[in-house]
Amino acid sequence: MKYTTRQSAILLLSDGTIFHGKSIGISGTTFGEVCFNTGMTGYQEIFTDPSYFGQLMVATNAHIGNYGVNDSEIESGSVKIAGLVCKNFSFNYSRSDASGSLEDYFIKQNLICISDVDTRALVSYIRDNGAMNAVICTDDTSVEELKMALSKVPDMKGLELASKVSTTEPYFFGEEKATYKIAALDLGIKMNILRNLAKRDCYIKVFPFDSSYQDLAAFNPDGYFLSNGPGDPEPLSGAIQVAKEILDNDKPLFGICLGHQIIGLANGISTYKMFNGHRGINHPVKNIITGKGEITSQNHGFAVNKEELDNHPNLEITHLHLNDGTVAGMRMKNKNCFSVQYHPEASPGPHDSSYLFDQFIENIKG
């Protein structure tokens, strides 16, 4: 393997802090909220997860790209992260069923990446100072120019991003003759959620984020699903109204991640932006109903208000995050509705929580 000289690059945080590194060869600048994922595998699924739209991803694994990419390991049709920050970027890969290198994949998608960064120091800094906007620059743009441009980037709080990743037209997934019909509101839905529903004998019609309840109901579904997605849930007034009407009509409803937050807002429970959020595949959760623990895959920067949820007459907490006590799941006492803040489809991640899809089917049967 020959040695190649690579151009210097920087990561500039909104508070003025600079981390230095090297470009992998794609020139330019890219902006977003900097966040980190603690997963040790599944980088391609992470990069294509619509929930990460508009974010600069810091990979805590020391090696990224070492097993290349595979066409089947995607959660959407394209890379959704705004940029990548890593320690060691592997230009070579060593997996027999890889369809190509991560470098070529990024070149095709024009994704800017900075490597050779002290990611341990960076993650420690983010943990102490919170998630903030940042810019990756791999060309010769001056720091002063970057600071000026970065000051104009909107904060994630109050930012509606579901419209950037949702389908523009309804589409179907699964076998048409399946036993159950599911209407899914696409706020940034992951492919593996659709695969898990189809595997449980469901035929899914996926609707754009701005669809009405009447649009979904015209499919005559047996159950409704609110998907994961990026950004702040509060601006999604249309999706909140859809959730309210599903509940008013007493239909089976399941929400994941952003969908979970939408159900909270539909019940008058506020949401808030977390200091750092949860992103990784080893987050411990306790199922309050069964008393069992689950290791879960998580990816969110907002959460529902636990105190308000505790005092709500028709809602109860079903799952708690064991690291910080935040709400990881809830259900309605008077409606056929439940939701979780994490990802039971776990792509990537452990499959401890896949039973939640079975629970949804049981709720439909009931």
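There is no side-chain donor-acceptor pair under 3.5 Å between Asn66 and Tyr43. Judged purely by distance below 3.5 Å, without hydrogens or angles, the side chains of Thr141 and Asp139 pair a donor atom with an acceptor atom. For the residue pair Thr326 / Gln341, no side-chain donor-acceptor distance below 3.5 Å is found, with atom types taken as modelled. Checking Asp15 against Tyr125 by side-chain atom types alone, a donor-acceptor pair falls below 3.5 Å. Side chains of Glu45 and Thr48: a donor-acceptor N/O pair is absent below 3.5 angstrom, by distance only.
In this structure, Phe254 and Phe225 have perpendicular ring planes: the angle between them is above 60°, well past the 30° mark. Relative ring orientation between His278 and His300 is described as perpendicular, the plane-to-plane angle rising above 60° on a 0-90° scale split at 30° and 60°.
Glu307 has its side chain within reach of Asn311: a pair of non-hydrogen atoms, C-beta onward, lies under 4.5 Å apart. Residues His319 and Ile288 fail the side-chain proximity criterion, which asks for heavy atoms closer than 4.5 Å. Leu265 is listed as a side-chain neighbour of Pro233, based on a closest heavy-atom distance under 4.5 Å. Proximity of Pro170 to Lys205: side-chain heavy atoms (C-beta onward) are separated by under 4.5 Å at one or more points. Residues Gln298 and His321 meet the side-chain proximity criterion, which asks for heavy atoms closer than 4.5 Å. In this structure, the side chains of Phe338 and Thr318 stay at 4.5 Å or more apart for every pair of heavy atoms. Side-chain contact between Lys80 and Asp49 is absent, with no heavy-atom pair separated by less than 4.5 Å. A 4.5 Å side-chain heavy-atom check between Ile136 and Thr29 finds every atom pair outside the cut-off.
A centroid separation of less than 6.0 Å is found between the aromatic rings of Phe89 and Phe91.
A donor-acceptor pair under 3.5 Å is formed between the side chain of Gln7 and the backbone N or O of Thr138. Using a distance-only test at 3.5 Å, with no hydrogens or angles considered, no donor-acceptor pair links the side chain of Ser353 to the main chain of Thr296. Remark: the backbone N or O of Ala82 is paired with a side-chain donor or acceptor of Thr30 at under 3.5 angstrom. At least one donor-acceptor pair under 3.5 Å links the side chain of Ser227 to the backbone N or O of Leu187. Checked by atom type and distance alone, the side chain of Arg95 pairs as donor or acceptor with a backbone atom of Tyr67 at under 3.5 Å. Listed for the Ser166 side chain is a donor-acceptor partner under 3.5 Å among the backbone atoms of Phe209. A donor-acceptor pair under 3.5 Å is absent between the side-chain atoms of Asn336 and the main chain of Pro252, judged by distance alone. For Arg279 (side chain) and Asn299 (main-chain N/O), no donor-acceptor pair under 3.5 Å exists by modelled atom type. Looking only at distances, no side-chain donor or acceptor of Asn267 sits under 3.5 Å from a matching main-chain atom of Gly264. Remark: side-chain polar atoms of Asp352 are paired, donor with acceptor, to backbone N or O of Ile295 under 3.5 angstrom.
With a 6.0 Å radius and a threshold of 12 heavy atoms from other residues, nucleotides or ligands, Asp140 has its CG atom at or below the threshold. Atom NZ of Lys152 has 12 or fewer heavy atoms from other residues, nucleotides or ligands within 6.0 Å. The number of heavy-atom neighbours closer than 6.0 Å to NZ of Lys251, taken from other residues, nucleotides and ligands shown, is 12 or below. Other residues, nucleotides and ligands contribute at most 12 non-hydrogen atoms within 6.0 Å of the NZ atom of Lys292. Residue Lys164 qualifies as open at atom NZ: its count of foreign heavy atoms under 6.0 Å is 12 or below. Heavy-atom contacts from other residues, nucleotides or ligands closer than 6.0 Å to CD of Gln241 number more than 12. Other residues, nucleotides and ligands contribute at most 12 non-hydrogen atoms within 6.0 Å of the CD atom of Glu176.
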Would Leu150 and Leu12 satisfy side chain to side chain contact (heavy atoms under 4.5 Å, CB included), going step by step from the backbone distance to the final call?
-> CA-CA 9 Å; Leu150 184 56; Leu12 170 66; 4.3 Å; yes
Taking it one step at a time, do Arg331 and Ser339 satisfy side-chain hydrogen bond (donor to acceptor under 3.5 Å, both in side chains)?
-> CA-CA 6 Å; Arg331 68 182 180 186; Ser339 60; over 6 Å; no
Could you walk me through whether Cys337 and Ile263 pass the side chain to side chain contact (heavy atoms under 4.5 Å, CB included) test, one step at a time?
-> CA-CA 9 Å; Cys337 170; Ile263 291 171; 3.8 Å; yes
Would you sort out whether Gln44 and Glu75 count as a side-chain hydrogen bond (donor to acceptor under 3.5 Å, both in side chains), showing the intermediate values?
-> CA-CA 8 Å; Gln44 189 179 358; Glu75 291 299 329; over 6 Å; no
Please lay out, stage by stage, how Phe172 and Tyr203 fare under the test ring pair (Phe, Tyr, Trp, His ring centres under 6.0 Å).
-> CA-CA 7 Å; Phe172 296 94; Tyr203 183 52; 5.3 Å; yes
Go through the steps to decide whether Asn287 and Tyr355 satisfy the test side-chain hydrogen bond (donor to acceptor under 3.5 Å, both in side chains), and finish with yes or no.
-> CA-CA 12 Å; Asn287 185 322; Tyr355 69 90; 3.0 Å; yes
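Taken from OG in Ser297 to NE2 in His351, the straight-line distance is 9.0 Å, to the nearest 0.5 Å. Once rounded to the nearest 0.5 Å, the distance linking CG of Asp104 with OG of Ser99 reads 10.0 Å. Considering OG1 of Thr17 and CG of Leu11, their distance stands at 9.5 Å, rounded to 0.5 Å. With rounding to the nearest 0.5 Å, the separation of CD1 in Ile26 from SG in Cys113 is 7.5 Å. For the atom pair Ile269 CD1 and His312 NE2, the distance stands at 5.0 Å (nearest 0.5 Å). Interatomic distance, OG of Ser51 versus CD1 of Ile46, reported as 12.0 Å (0.5 Å rounding).
Between Leu84 and Ala59 the shortest heavy-atom distance is CD1-CB, 4.3 Å. The two residues Ile361 and Cys202 have their closest heavy-atom pair at CD1-SG, 3.4 Å. For the residue pair Gln261 and Ala303, the shortest heavy atom distance occurs at NE2-N, 4.3 Å. Of all the heavy atoms in Ser354 and Arg200, the pair that sits closest is O-NH2, 3.4 Å. Nearest heavy-atom pair, Arg195 versus Ile74, reported as atom, atom and distance to 0.1 Å: NH2-O, 3.5 Å. Scanning both residues, Val340 and His260, for their nearest heavy atoms gives O-CB, 3.2 Å.
Salt-bridge formation is detected for the pair Glu345/Lys190: a Lys NZ or Arg NE/NH1/NH2 atom is positioned less than 4.0 Å from an Asp or Glu carboxylate oxygen. A salt bridge is absent between Lys181 and Asp222: the closest approach of a Lys/Arg side-chain nitrogen to an acidic carboxylate oxygen does not fall below 4.0 angstrom.
Between Phe47 and the choices Phe53, Tyr105, Tyr52, Phe106, the ring-ring contact (aromatic ring centres under 6.0 Å, His included) rule is met once, by Phe106. Applying side chain to side chain contact (heavy atoms under 4.5 Å, CB included) to Thr38 and the options Thr60, Asn61, Ile281 leaves one that passes, Thr60.
Linking Ile, Leu, Val, Met, Phe, Trp and Tyr residues whenever their side-chain heavy atoms come within less than 4.5 Å places Leu247 and Phe219 in a single cluster.
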